[in-house]
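Notes to accompany the following structure.
Both backbone and side-chain heavy atoms feed into the values below; hydrogens, waters and symmetry mates do not. Reminder, nothing fancy here: chain letters follow the sequence lines and each chain counts from 1.
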Amino acid sequence: MLAWYDEERRDLPWRVAPGKRADPYRVWLSEIMLQQTTVKAVIPFYARFLARWPTIKALAAAPLDDVLAAWAGLGYYSRARNLHKCAIAVVEDFGGKFPSTIAELQKLPGIGPYTANAIAAIAFGESATPVDGNVERVVARLFAVRQSLPAAKTELKRLAATLTPERRAGDFAQAMMDLGAGICTPRRPSCLVCPVQQDCAAAAHGIAEQLPMRLERAERPQRVGFAFVALREDGCVLVRKRAEAGLLGGMLEVPSTAWGDLLPPAKEALRSAPLRADWWAVPGTVVHVFTHFRLELIVYRALVPADATLTFWAEPERCQWVARRDLHAAALPSVMRKVIGHALKEN
DNA sequence: AATGCGTGGCT
DNA sequence: TAGCCAAGCAT
């Protein structure tokens, strides 16, 4: 594996030469971003974060809202909140230096078993075993584990640990990631070019593609609602800050009705608009798929005067007007960018 | 232990 | 196309 890694490893922005230890700050930042997120999606965000906040002290000193705005579009926003919280904790409790043990790392916000092991191995050279989805898949195939996920997680973790070398555990972990990402893929694995095909029980039995087995997941429910895009005459759009926790926590939103199972009558929905105006239903709908539900929004739009006043149920203290040219830098999640784009397309 | 939590790219 | 799913964590 290590010889293969030395030759074939992917060159990624947060990686250093084989055998070297990487900067813990960069390892941590990349690992948080990579949680449930593809390398391709992470790369531009990683570059922007590192350019803007080159050190953990700089990140800890930043306002949370700036971090959330920079995270907008990457998803799973509790990661951004915990990233900021973790930076502050490392600066205040550890003088800006990450602890090097798995136990200490895992006490920090946003760092769980996987990330603690990854940082320990990659940044500190500990013989640790980060087990992510890639490693689970590779190990399930190497040992032909037929038990299905998530029940098999404990066993897969145990088996993975038996493979970790004493030296270069960080490179070994990253080799497993590369193997899982490029060769031992979920569908149509490239067993013919796999460096460990000779050691793979699943390949020997011709069942690599069937593993790991997974319990089928529950059907995704659908939720619906109305969203209200108010465009002020000076070109500003009305947005509102969401609650600090939960879905899209701390991010900005377009004011909307509650997202429910049933669509309220339009007349009733319009009574919950954030301000009195001549609301116009934008043709079509906005569909957005979250992890655990599918959302369909009907979008209303209104052009309002510069002195328009908000209704009290719009919670004016949480609202703000943002110039259209500044929207790109705002803490707007993708679903809200879709809504605004839908409302403003074709003038 | 099961559920809540985003997004975009792939097939 | 409509799922499937990616370098998980918190509760």
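Non-hydrogen atoms lying under 4.0 Å from DNA chain C are contributed by A:N82, all within residues 77-92 of chain A. The stretch residues 146-177 of chain A comes close to DNA chain C through A:M177, each having a heavy atom under 4.0 Å from the strand.
The residue A:I32 sits apart from the nucleic acid: no heavy atom pair falls under 4.0 Å. A:W14 comes within 4.0 angstrom of a nucleotide base, judged by non-hydrogen atoms across all strands. Contacts of A:R294 with the nucleic acid, taken as non-hydrogen atoms under 4.0 Å apart, are absent. If you check every strand for non-hydrogen atoms under 4.0 Å, A:G180 touches nothing. A:P333 comes within 4.0 angstrom of the backbone, heavy atoms only, and of no base.
A:V286 is not connected to A:F226 by any chain of hydrophobic side-chain contacts under 4.5 Å among Ile, Leu, Val, Met, Phe, Trp and Tyr, and they are in different clusters. Grouping the Ile, Leu, Val, Met, Phe, Trp and Tyr side chains by contacts below 4.5 angstrom, directly or via other members, places A:V16 apart from A:L34. Both A:W28 and A:I43 are assigned to one and the same hydrophobic cluster, defined by single-linkage of ILVMFWY side chains at heavy-atom distances under 4.5 Å.
Considering only side-chain N and O atoms, A:Q36 lies under 4.0 angstrom from the phosphate OP1 or OP2 of C:dG8. Applying the 4.0 Å criterion to OP1 and OP2 of B:dC5, one finds that A:H292 has a side-chain N or O inside that range. Contact annotation: A:T37 side-chain N/O to C:dG8 OP1/OP2 distance is not under 4.0 Å.
Checking A:P109 against A:V39, the closest nucleotide of DNA chain C that is more toward the 5' end is the one next to A:V39. Comparing A:V289 and A:R188, the nucleotide of DNA chain B nearest to each residue sits closer to the 5' end for A:V289. When each of A:R187 and A:L332 is assigned the nucleotide of DNA chain B bearing its nearest heavy atom, the one mapping closer to the 5' terminus is A:L332.
Spacing between atom NZ of A:K107 and atom P of C:dC9 amounts to 17 Å, rounded to whole angstrom units. Rounding to whole angstrom units, CD of residue A:E31 and P of C:dG8 are separated by 9 Å. The CD atom of A:E216 sits 13 Å away from the C1' atom of C:dG3 (whole-angstrom rounding). One interatomic measurement links the two molecules: CG of A:L247 to C1' of C:dA10, which rounds to 15 Å at whole-angstrom precision. Rounding to whole angstrom units, CG of residue A:L12 and P of C:dA6 are separated by 17 Å. Put simply, CH2 on A:W71 is 13 Å from C1' on B:dC5, counting in whole angstrom units. Atom pair A:Q35:CD and B:dC5:P shows a separation of 17 Å (rounding to whole Å applied). Rounded to an integer number of Å, the gap from CG of A:L295 to P of B:dG6 is 13 Å.
Each of C:dC9, C:dA6, C:dC5 was ranked by its minimum atom distance to the side chain of A:T115; first place goes to C:dC9. Here B:dT7 is the nucleotide among B:dT7, C:dG8, B:dC5 with the atom lying nearest to any side-chain atom of A:V335. Comparing B:dT7, C:dA6, C:dC9 against the side chain of A:F290 picks out B:dT7 as the nearest.
Taking all atoms of both residues into account, the shortest heavy-atom contact from A:P54 to A:A58 is CD-CB, 4.1 Å. Between A:F312 and A:P316 the shortest heavy-atom distance is O-CD, 3.6 Å.
A salt bridge does not link A:D171 to A:R21: none of the charged nitrogens lies less than 4.0 Å from a carboxylate oxygen.
Listed for the A:R15 side chain is a donor-acceptor partner under 3.5 Å among the backbone atoms of A:R10. Between the side chain of A:K241 and the main chain of A:C319, no donor-acceptor pair closer than 3.5 Å is present.
Between the base of C:dG8 and the side chain of A:Y114 there is no donor-acceptor pair shorter than 3.5 Å.
Between A:F228 and A:W279, the ring planes lie perpendicular to each other; the angle is over 60°, past the 30° to 60° tilted range.
Taking a 6.0 Å sphere around CZ of A:R220, one finds it holds more than 12 heavy atoms contributed by other residues, nucleotides or ligands.
C:dC9 and B:dG8 are spaced 22 Å apart, taking the P atom of each and rounding to whole Å.
Annotation: A:F290 is in aromatic contact with A:F293 [ring centroid separation under 6.0 Å].
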